[in-house]
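First listed ligand is number 1; within each ligand, the first listed atom is number 1.
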Amino acid sequence: MGFLRGITALSNLRSRLGQQTTQLGSLRWLQSQSASDLDLRSQLKDQIPEQQERLKKIKSEYGKVQLGNITVDMVLGGMRGITGLLWEPSLVDPEEGIRLRGLTLPECQKLLPAASPGGEPLAEGLLWLLVTGKVPSKEQAVALSKELQSRSAVPDHVYKGIDSLPVTAHPMTQFVTGVMALQVESEFQKAYEQGMPKSKLWEPAYEDCMNLIARVPAVAAYVYRRLYKDGRAIPADKSLDHAANFSHMLGFDDPKMLESVRLFLLVHSDHEGGNVSGHASHVVASALADPYRAYAAAMNGLAGPLHGLATQEALLWVKSIAKEFGEDVTTEKLKEVVWKTLNSGKVVPGFGHGVLRKTDPRFTCQRKFALKHIPDDPIFQLVLKLQEVVPPILTSLGKVKNPWPNVDILSGVPLNHFGLSEDRYYTVLFGVSRSLGVSAQLIWDRALGLPIERPKSVTLDWLEDYCKKSA
Ligand SMILES: CC(C)(COP(=O)(O)OP(=O)(O)OC[C@H]1O[C@@H](n2cnc3c(N)ncnc32)[C@H](O)[C@@H]1OP(=O)(O)O)[C@@H](O)C(=O)NCCC(=O)NCCS
């Protein structure tokens with residue numbers, strides 16, 4: 001026993017001595033380090049300028065180097081120009097703009113069933129077109145309207161989920177929270193867990209997509225009433241079509257407002273698959289995540305200011321100009337404002353596009369609507385002036401590929417005219433519209449059994465090495 005105690009005491013002493021030596025060592029090492037050596041953020045801050053320069057150099061020296069069928073420019077330029085996605089509901093031509101299942105927007109306005117003769121298309125008819133590629137009869141659109149109504153009940157926990165957020169949360173945050181709460185009822189998730197074969201998954205995808213389209217207007221309207229009105233939800237009116245009922249639940253029943261909402265849903269419904277929201281939904285669903293999760297991903301992308309939030313930004317910007325300089329602002333003053341925006345490091349919202357190289361036909365379509373219904377609206381008049389003033393300035397920067405107006409500079413104007421003046425809410429309206437296009441594709445994703453997305457990525461080291469070898 002005594003011997004054992006002796007051994008233990010010796011080993012304890014050795015370990016204490018060892019610890020002290022290690023501590024002394026670490027202390028010396030610590031003393032030799034500067035504060036920034038030990039701070040991750042500072043390390044990063046030191047590295048960033050060097051890596052930025054490296055990226056620029058690779059772009060300028062090797063941008064045209066081929067990597068298989070693509071170039072280094074494409075890898076570093078947000079995958080611009082790479083055809084890499086299948087997306088059925090719509091196609092964007094750089095010169096002509098959007099076609100929904102082969103139809104231009106004016107053709108959709110002419111051919112799709114409307115609520116009243118010569119009026120804007122019913123969202124139900126549009127959805128039928130996006131899903132099937134065929135123009136429906138009025139009866140088919142009405143039948144779909146009934147189907148959506150029968151699916152429209154929103155479970156109470158969705159509203160409770162939204163209520164748990166502070167009212168200061170951005171409307172898109174509240175909306176996406178509501179969408180994720182709807183996910184609890186996903187038929188797709190249940191079917192997958194029960195082992196449904198892949199070839200049949202389009203059926204629960206259809207169920208989820210239709211339920212989602214039917215329910216998001218009530219969720220969106222709840223967010224609006226909670227934030228800007230008395231907080232009481234307005235019950236659905238089953239005599240109304242999808243778009244008109246959405247407007248009604250928001251609290252707007254003027255027939256011209258209903259037409260504005262129908263047009264809004266048409267022009268924002270889809271814009272092929274490579275835009276941030278479309279692509280986000282597609283990649284998430286490719287992992288066989290259910291349509292709610294895919295749509296929520298799309299909505300989080302839509303909330304970015306370079307994408308859907310531009311609707312909010314554009315309306316805020318135009319209204320701030322009207323407020324500061326009056327609606328009769330001179331062209332010279334407008335030029336100054338545009339330069340001030342650019343010089344502050346911001347983009348001019350509502351102008352430019354990643355794919356389009358002409359004026360966005362969605363802008364043209366809304367311009368026509370505004371000329372017909374609200375020609376004297378001061379904000380509309382201001383947008384018309386900006387349409388003249390902005391493009392030459394953007395062109396003079398020498399780098400903007402498309403200086404022309406896009407959908408967002410005008411999309412809030414008619415709704416604003418009829419009383420929906422809360423700019424921060426506009427991306428939610430956009431999101432409700434996108435439920436149509438995104439869902440149409442999500443059904444086809446599963447119907448065609450499209451595989452999980454997995455493009456190849458490379459590191460800067462790899463790219464630099466490759467370019468040097470190729471050169
Ligand atoms: C839509 C948008 C993101 C497309 O970006 P893109 O594909 O990179 O466009 P380009 O290739 O023409 O961009 C080249 C340069 O011009 C700039 N540019 C493009 N549009 C611009 C605008 N409206 N205002 C200021 N600068 C703009 C880009 O920021 C980029 O600058 P950088 O090289 O210093 O980064 C861009 O036009 C934009 O930010 N527009 C304003 C926001 C908007 O309206 N978004 C909704 C689109 S539907």
Nitrogen or oxygen atoms of [X] and ligand 1 under 3.5 Å apart:
X      : value
Gly350 : yes
Arg362 : no
Asn406 : yes
Arg357 : no

| query | For ligand 1, is there an atom lying under 4.0 Å from some heavy atom of Arg80? | reply | yes
Look at [atom] and say whether a protein heavy atom is found at less than 4.0 angstrom from it.
atom                    : answer
atom 35 (O) of ligand 1 : no
atom 28 (C) of ligand 1 : no
atom 25 (C) of ligand 1 : yes

Numbered atoms and elements of ligand 1 in range of [X], under 4.0 angstrom, heavy atoms:
X      : value
Ala310 : 43 (C), 44 (O), 45 (N), 46 (C)
Gly352 : 37 (O)
His353 : 1 (C), 4 (C), 37 (O), 48 (S)
Leu342 : 25 (C)

Check [Y] with [X], please: is the shortest side-chain N to carboxylate O separation under 4.0 Å?
X      : Y      : value
Asp254 : Lys256 : no
Glu388 : Lys385 : no
Lys59  : Asp73  : no
Asp461 : Arg54  : yes
Arg262 : Asp241 : yes
Glu107 : Lys110 : no
Arg99  : Asp93  : no
Lys346 : Glu313 : no
Arg293 : Asp290 : yes

Tell me, which protein residue and heavy-atom name are nearest [atom], and how many Å apart are they?
atom                    : value
atom 22 (C) of ligand 1 : Val348 N, 3.7 Å
atom 31 (O) of ligand 1 : Lys399 NZ, 3.4 Å
atom 12 (O) of ligand 1 : Lys401 N, 2.8 Å
atom 40 (N) of ligand 1 : Phe351 O, 2.9 Å
atom 45 (N) of ligand 1 : Leu306 O, 3.1 Å
atom 19 (C) of ligand 1 : Val400 CG1, 3.7 Å

| query | Out of Asp408, Val355, Ile409, whose heavy atom is nearest to atom 46 (C) of ligand 1? | reply | Asp408
| Does ligand 1 have a heavy atom under 4.0 Å from the side chain of Val347, from its backbone, from both, or from neither? | both
| query | How long is the span from the NZ atom in Lys57 to the CD atom in Glu53, to the nearest 0.5 Å? | reply | 10.0 Å
| field | Derivation and outcome, ring pair (Phe, Tyr, Trp, His ring centres under 6.0 Å), residues Phe246 and His242 | value | CA-CA 6 Å; Phe246 178 35; His242 188 70; 7.7 Å; no
| request: Answer yes if the ring centres of His307 and His279 are under 6.0 angstrom apart, and no otherwise. | output: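 Ring centres of His279 and His307 not closer than 6.0 Å.
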